[in-house]
Amino acid sequence: DRGQRVETACPARGEPHMGYVNLKPANVLNRDMAILFGAEATRPVAEKVEAKAKGLADVKAKHSTVADRIDISTHAHGTHTAVIMSVKGRDGSEIASHLEFGYFNRWLEHKYGIKSPLAWMPGLFIMSEAKYCLWSNKRVRRHHQI
């Protein structure tokens with residue numbers, strides 16, 4: 001894929017033919033635009049998701065022992081803005097995925113047995129719900145505007 005060739009003058013208006021300019025292929029041009037404007041363009045949505053996630057974390061993890069160790073922030077990258085949840089365990093390890101999707105509690109496994117359903121701690125799905133709520137609200141708003 002070598003891109004497009006665009007004529008630099010308009011013979012229909014009597015302008016002399018000046019030659020051709022080669023444009024970048026669409027996939028390269030899109031990548032370059034995303035690098036230039038991606039983080040800036042996605043920041044407003046990321047900030048809304050961050051605010052929603054912080055609110056959900058306050059409500060869902062209120063009685064959790066990790067409630068004070070949940071950090072939700074945005075990070076601008078070249079092509080997008082990421083919303084990141086970081087949760088530190090008692091030993092300093094990263095346990096955000098356990099809080100989000102669920103895990104087997106070691107202390108309860110010792111009490112009830114390895115992989116016992118009684119030892120399963122369900123996930124809180126904070127980030128998943130924050131992202132889903134934002135997009136579902138947009139669809140509802142668009143539907144009501146029609």
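Starting from 1, each residue takes its place in the sequence as its number.
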Connected-component partners of Tyr103 among ILVMFWY, side-chain separation under 4.5 Å: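 Other cluster members: Trp107, Leu108, Tyr112, Leu118, Met121.
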Which residues pass the side-chain hydrogen bond (donor to acceptor under 3.5 Å, both in side chains) test with Ser97, not counting sequence neighbours?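 Partners of Ser97 by the side-chain hydrogen bond (donor to acceptor under 3.5 Å, both in side chains) criterion come out as none, since no residue qualifies.
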For Arg106, side-chain hydrogen bond (donor to acceptor under 3.5 Å, both in side chains) partners two or more places apart: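 Partners of Arg106 by the side-chain hydrogen bond (donor to acceptor under 3.5 Å, both in side chains) criterion come out as none, since no residue qualifies.
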Would Phe125 and Tyr132 count as a side-chain contact (heavy atoms from CB on, under 4.5 Å) if you check the C-alpha gap in whole Å, the side-chain angles of each, and the deciding distance to 0.1 Å? CA-CA 10 Å; Phe125 300 102; Tyr132 176 76; over 6 Å; no
From Ser128 OG over to Met85 CE, what is the distance, rounded to the nearest 0.5 angstrom?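 The CE atom of Met85 is 8.5 Å from OG of Ser128, to the nearest 0.5 Å.
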Gap between atom OG of Ser116 and atom CG of Asn105 - 0.5 Å precision: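 Asn105 atom CG to Ser116 atom OG measures 11.0 Å (nearest 0.5 Å).
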Under the rule for salt bridge (Lys or Arg N to Asp or Glu O under 4.0 Å), what residues qualify as partners of Glu100, not counting sequence neighbours?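 Salt bridge (Lys or Arg N to Asp or Glu O under 4.0 Å) list for Glu100, sorted by chain: empty.
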Might you point out which heavy atoms bring Ala39 and Ala76 nearest each other, and give the distance in Å?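 That closest heavy-atom pairing would be CB-CB, 3.9 Å.
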Within residues 59-88 or reaching into it, pairs that qualify as salt bridge (charged side-chain N to carboxylate O under 4.0 Å, His left out) - sequence neighbours excluded: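 Those involving residues 59-88 are Lys60-Glu129, Lys88-Glu94.
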Can you list the residues that meet the side chain to side chain contact (heavy atoms under 4.5 Å, CB included) rule with Ala53, with sequence neighbours excluded?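 Only Ile72, Ile126, Met127, Ala130 meet the side chain to side chain contact (heavy atoms under 4.5 Å, CB included) criterion with Ala53.
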Applying side chain to side chain contact (heavy atoms under 4.5 Å, CB included), name anything that partners Thr74, two or more places apart in sequence or on another chain.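 Thr74 satisfies side chain to side chain contact (heavy atoms under 4.5 Å, CB included) with Ala46, Glu50, Thr81, Val83 once adjacent residues are dropped.
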side-chain contact (heavy atoms from CB on, under 4.5 Å) assessment of Ile70 paired with Lys54: CA-CA 9 Å; Ile70 298 173; Lys54 284 181 178 180; over 6 Å; no
Just to verify, what does His80 make a ring pair (Phe, Tyr, Trp, His ring centres under 6.0 Å) with, not counting sequence neighbours?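 Result, ring pair (Phe, Tyr, Trp, His ring centres under 6.0 Å) vs His80: His77.
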Can you name the ring pair (Phe, Tyr, Trp, His ring centres under 6.0 Å) partners of Phe104, sequence neighbours left out?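 Phe104 satisfies ring pair (Phe, Tyr, Trp, His ring centres under 6.0 Å) with Trp120 once adjacent residues are dropped.
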Not counting sequence neighbours, list each pair that qualifies as a ring-ring contact (aromatic ring centres under 6.0 Å, His included) and has a residue in residues 38-59.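 Every pair satisfying ring-ring contact (aromatic ring centres under 6.0 Å, His included) with a residue in residues 38-59: there are none.
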Check whether any side-chain N or O of Ser93 sits under 3.5 Å from a backbone N or O of Gly89 as a donor-acceptor pair, and report yes or no.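 Judged by distance alone, no pair lies under 3.5 Å.
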